[in-house]
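Read the structure below first, then the notes.
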Amino acid sequence: MITFKATQLTLKDLQVKPETVTESDTFFSWHVNLFTLYGRKHYVFVNDLSILSLTVSGIRTKQANKLLAIFKKNLEAYMAFEGIPQEWAQYYLDQCNERLITKTDSRSVIGSMNEIIFVMKALEGNDNDFRDENARHKFNNRGIYKPIDYHEPIKVFVKELQMRFEAR
């Protein structure tokens, strides 16, 4: 099961009431926020364990029922772009067949998410064209964040994915 921990703005946009969660696996838990980039609404998903981020457009108001499918499609495409072995990617995606939407619960992850949004918005007008999703994801996931001991989010995510795949 995947847990989406949405901000108040995101919950309002999706028009969904948050469910109560006592605990969740941080590797399958993603904080979600809504922001505007290049004049279009985007959702940024940040993994609680690795701070890996995905910035996705195409989610419309009241589409909570399509959130999981859109997220999985974008995550699968990004993992393929990064060269993550297909069987590892499929293992992760198979664990994400059900979704739960709740409120945010980690100031640290929210801080990292806000930093990612700030950087994307600051670079929006520069020569960096973040309209290409793969370039945007690659740039964001090569940033170094304090909560993960100054490692790159993609490396933390892949290491955890490999460990869980091999331990199954």
Side-chain angles (χ1 to χ4, degrees), residues 1-6 10 14 16 19 21 23-35 37-38 40-60 63-102 104-106 108-109 112-113 115-117 119-120 123 128-145 147-168:
M1 175 183 293
I2 190 163
T3 305
F4 293 121
K5 297 178 178 178
T10 307
L14 291 172
V16 65
E19 299 176 49
V21 176
E23 64 180 62
S24 63
D25 183 349
T26 57
F27 191 53
F28 294 98
S29 179
W30 296 75
H31 274 65
V32 186
N33 198 6
L34 169 70
F35 74 107
L37 184 67
Y38 297 110
R40 295 186 67 201
K41 180 171 71 172
H42 286 73
Y43 277 69
V44 63
F45 295 85
V46 177
N47 183 263
D48 288 7
L49 178 73
S50 66
I51 314 298
L52 184 83
S53 71
L54 287 177
T55 307
V56 177
S57 62
I59 300 171
R60 301 197 190 322
Q63 283 195 329
N65 59 335
K66 295 183 180 181
L67 186 66
L68 180 60
I70 293 170
F71 171 79
K72 284 176 69 171
K73 182 185 93 173
N74 281 276
L75 181 61
E76 182 176 23
Y78 178 59
M79 287 194 285
F81 174 77
E82 286 288 355
I84 295 172
Q86 176 63 33
E87 55 274 1
W88 296 4
Q90 196 57 51
Y91 164 76
Y92 190 88
L93 295 169
D94 288 345
Q95 305 301 313
C96 303
N97 287 330
E98 295 179 43
R99 66 130 173 96
L100 183 80
I101 299 176
T102 189
T104 59
D105 65 356
S106 171
S108 177
V109 176
S112 297
M113 181 168 48
E115 185 178 339
I116 291 165
I117 292 170
V119 169
M120 281 190 286
L123 296 176
N128 298 324
D129 190 4
F130 288 128
R131 286 184 176 95
D132 176 39
E133 286 184 347
N134 290 327
R136 183 172 58 228
H137 297 324
K138 187 173 183 178
F139 178 84
N140 287 335
N141 291 315
R142 299 293 188 284
I144 308 295
Y145 299 100
I148 52 173
D149 297 327
Y150 301 101
H151 295 290
E152 293 178 356
I154 188 65
K155 290 181 180 176
V156 175
F157 186 83
V158 170
K159 182 179 177 183
E160 182 71 16
L161 181 59
Q162 179 183 9
M163 184 182 74
R164 289 189 186 217
F165 178 79
E166 290 173 353
R168 65 181 172 97

Side chains of E160 and V156: does their closest heavy-atom pair fall under 4.5 Å?
no
Do the side chains of N141 and Y78 get nearer than 4.5 Å, heavy atoms only?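 Contact flag for Y78/N141 side chains = yes.
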Going from [atom1] on [X] to [atom2] on [Y], what distance comes out if it is rounded to the nearest 0.5 angstrom?
{"X": "F139", "Y": "M120", "atom1": "CZ", "atom2": "CE", "result": "9.5 Å"}
{"X": "E133", "Y": "S57", "atom1": "CD", "atom2": "OG", "result": "5.5 Å"}
{"X": "F81", "Y": "K138", "atom1": "CZ", "atom2": "NZ", "result": "5.0 Å"}
{"X": "L75", "Y": "I2", "atom1": "CG", "atom2": "CD1", "result": "7.5 Å"}
{"X": "Y43", "Y": "L67", "atom1": "OH", "atom2": "CG", "result": "7.0 Å"}
{"X": "T55", "Y": "L37", "atom1": "OG1", "atom2": "CG", "result": "7.5 Å"}

Could you check whether any side-chain N or O of [X] sits under 3.5 Å from a backbone N or O of [Y], counting only pairs where one atom can act as donor and the other as acceptor?
{"X": "T26", "Y": "D48", "answer": "no"}
{"X": "N47", "Y": "F27", "answer": "yes"}
{"X": "K41", "Y": "I59", "answer": "yes"}
{"X": "N140", "Y": "L54", "answer": "no"}
{"X": "T104", "Y": "K5", "answer": "no"}

When the ring planes of H42 and F35 are compared, do they come out parallel, tilted or perpendicular, using 30° and 60° as the limits?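 Rings of H42 and F35: tilted, 30 to 60°.
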Check: Taking the inter-plane angle between the rings of F28 and Y92 on a 0 to 90° scale, is it parallel (under 30°), tilted (30 to 60°) or perpendicular (over 60°)?
Finding: parallel
With a 3.5 Å cut-off and sequence neighbours excluded, list the donor-acceptor pairs that the side chains of residues 93-100 form with protein atoms.
| residue | atom | partner | partner atom | Å |
| --- | --- | --- | --- | --- |
| D94 | OD1 | Q90 | NE2 | 2.8 |
| N97 | OD1 | K72 | NZ | 3.2 |
| N97 | ND2 | D94 | O | 3.0 |
| R99 | NE | A64 | O | 3.3 |
| R99 | NH2 | A64 | O | 3.3 |

Atom CD of E87: over 12 foreign heavy atoms under 6.0 Å: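 It does: E87 CD has more than 12 such atoms within range.
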